Undergrad: 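One structure, as structure tokens, below. Some questions next.
Quick caveat: nothing in here was measured; it's all calculated off a predicted structure.
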Number of protein chains: 2
Amino acid sequence: MNQGTPKKPDYEREMRRAGIRITRPRRVILDILAGCEDHPDAMEIFQRASAIDKSISLSTVYRTMKLLEGMGAIHRHAFEGGPARFEQASGEHHDHLIDLDTGDVIEFHSRRIEELQDEIARELGYEIVHHRLELYGRRKKRRG
Amino acid sequence: MNQGTPKKPDYEREMRRAGIRITRPRRVILDILAGCEDHPDAMEIFQRASAIDKSISLSTVYRTMKLLEGMGAIHRHAFEGGPARFEQASGEHHDHLIDLDTGDVIEFHSRRIEELQDEIARELGYEIVHHRLELYGRRKKRRG
DNA sequence: AGTCTTATTGCAAACGATTTGCAATTGCAT
DNA sequence: ATGCAATTGCAAATCGTTTGCAATAAGACT
Ligand SMILES: [Mn+2]
Ligand SMILES: [Mn+2]
Ligand SMILES: [Zn+2]
Ligand SMILES: [Zn+2]
């Protein structure tokens, strides 16, 4: 059992262990990110959080995003143009295709590309710590 | 003849044709970029330009970078963390490996990865307009 | 070379995203 | 309950970049 189930790590436990406090704003933000299908930016997260607890501030959103990023609980993306966008780190690694017309973000993964990246880095004498692959494109016209 | 020679397009001609004026600041900045092996940011370009013509302003650097980008004369990169960096667009397409310790930027190209990107986009019903592939890594320890 | 029109400039001020100082509040171990 | 350090909200600061505006200069036409 539990094969293939993307593990949702217990960050509250990890935070307690590190002496990091579980506060109301943090719980709210963590919940928002957990039940998130998209890649919201700080302002969007702030608005969703405000809807739950009117007292949460934008500063706290930023501070919390930095904290969670440091813990490896979320990923920060800097797609071209806009502000940083976030997503929880629970799932498998993937890269992104951004629809230039709609702004939609589509996730994909290519084991082959990942392998080639490693190979390239190795040949250059490097070890990859992380990478960023973003495709920017337009929907192909349906052939009629 | 002229096979394999990376063509260095005559931007001055192109600019004139578009009613864009060849000013002293623009000539200076264009020259800096042409004789540039690295990926300087606006401030670095500003400093190099100031050394040639003390009167050039940072605003003009930014405005010129935008103009040149629009003409396709340069590429703008947004490596993680820092400000935008630029390079002249004359050469072949390539992607970048950033040394996390030194900040060095190493260029590479993989035809195979480019093909796979196209394939992935096609399968998702998209046509790639441009993309960004950045590897962030550390030099491998020499085995002794 | 002189004149004209208008693109371009430098400057300072505005901008958007993010970070920070600080005093007030809170989590949580005792 | 008590106490202290971690965390917060707020406002102000910061960073990279853009913009309004009056002054300047490119280049087309004498
Ligand atoms: Mn994603
Ligand atoms: Mn390059
Ligand atoms: Zn990847
Ligand atoms: Zn590429």
Undergrad: Between dA26(D) atom P and R17(B) atom CZ, what is the distance in whole Å?
TA: 22 Å
Undergrad: Is a side-chain donor or acceptor of T64(A) paired with a backbone partner of T60(A) at a separation under 3.5 angstrom?
TA: yes
Undergrad: Output one line per pair: protein atom, nucleotide atom from nucleotides 14-16 of chain C, and distance, for all N/O pairs under 3.5 Å.
TA:
none

Undergrad: Establish, from distance only, whether the side-chain atoms of E44(B) and H39(B) form a donor-acceptor pair under 3.5 Å.
TA: no
Undergrad: Determine, using ring centers only, whether F79(A) and H96(A) are less than 6.0 Å apart.
TA: yes
Undergrad: What do the steps show when you test E115(A) against R112(A) for salt bridge (Lys or Arg N to Asp or Glu O under 4.0 Å), and what is the final call?
TA: CA-CA 5 Å; E115(A) 288 169 357; R112(A) 191 79 196 94; 2.9 Å; yes
Undergrad: Could you check which residues of residues 42-55 of chain B get a heavy atom under 4.0 Å from DNA chain C? Sort them by number, please.
TA: S55(B)
Undergrad: Report the end-to-end axis angle of the helix from dA1(C)-dT30(D) to dA13(C)-dT18(D); each axis comes from five terminal pairs, and the value is rounded to 10°.
TA: 30°
Undergrad: Got a sec? Which of residues 20-28 of chain A come in under 4.0 Å of DNA chain D, heavy atoms?
TA: I20(A), R21(A), T23(A), P25(A), R26(A)
Undergrad: Taking only nitrogen or oxygen atoms into account, show me every contact under 3.5 Å that the protein makes with nucleotides 20-24 of chain C, one pair per line with its distance.
TA:
residue : atom : partner : partner atom : Å
dT20(C) : O4   : S59(A)  : OG           : 3.2
dG21(C) : O6   : R63(A)  : NH1          : 3.3

Undergrad: Pick the nucleotide of DNA chain D nearest each of R76(B) and T64(A); which residue has the one closer to the 5' end?
TA: T64(A)
Undergrad: Does R138(A) reach the main-chain N or O of D99(A) with its side chain, forming a donor-acceptor pair under 3.5 Å?
TA: no
Undergrad: Would you mind reading off the distance between L67(A) atom CG and dT19(C) atom P, rounded to a whole angstrom?
TA: 13 Å
Undergrad: For F86(A) and dA17(C), give me the distance from atom CZ to atom C1', rounded to whole Å.
TA: 10 Å
Undergrad: What pairs of residues pass the ring-ring contact (aromatic ring centres under 6.0 Å, His included) test when at least one of them lies in residues 105-127 of chain B, not counting sequence neighbours?
TA: H93(B)-H109(B)
Undergrad: Is it true that a side-chain atom of E123(A) and a backbone atom of I120(A) form a donor plus acceptor pair closer than 3.5 Å?
TA: no
Undergrad: Please answer whether the main-chain N or O of F46(A) pairs with a side-chain N or O of S50(A) as donor and acceptor at a distance below 3.5 Å.
TA: yes
Undergrad: What heavy-atom pair brings C36(A) and R48(A) nearest, and what distance separates the two atoms?
TA: SG-NH1, 3.3 Å
Undergrad: Without decimals, in angstroms, what is the distance between M71(B) CE and dA7(C) C1'?
TA: 15 Å
Undergrad: In plain terms, say whether R24(A) and D53(A) are close enough for a salt bridge, that is, a side-chain N and a carboxylate O under 4.0 Å apart.
TA: yes
Undergrad: If you define the side chain from C-beta out and look only at heavy atoms, does anything of I74(B) sit under 4.5 Å from L33(B)?
TA: yes
Undergrad: Quick one: L58(A) CG to dA11(D) P, roughly how many Å, whole number?
TA: 13 Å
Undergrad: V61(A) and I29(A): which non-hydrogen atoms are nearest, and at how many Å?
TA: CA-CD1, 3.9 Å
Undergrad: Whole angstrom is fine here: how far is it from CD in E80(A) over to C1' in dG16(D)?
TA: 17 Å
Undergrad: Atom CZ of R85(B) to atom P of dG16(D): distance rounded to whole Å?
TA: 12 Å
Undergrad: Has the side chain of D41(B) got a donor or acceptor atom that lies under 3.5 Å from a matching backbone atom of M43(B)?
TA: yes
Undergrad: Is the shortest heavy-atom distance from the side chain of R63(A) to the side chain of S59(A) under 4.5 Å?
TA: yes
Undergrad: Taking E80(B) as the fixed residue, which of R76(A), R132(A), H130(A) is the one that meets the side chain to side chain donor-acceptor pair (under 3.5 Å) rule?
TA: H130(A)
Undergrad: Does the side chain of H131(B) reach to within under 4.5 Å of the side chain of L97(A), using non-hydrogen atoms?
TA: no
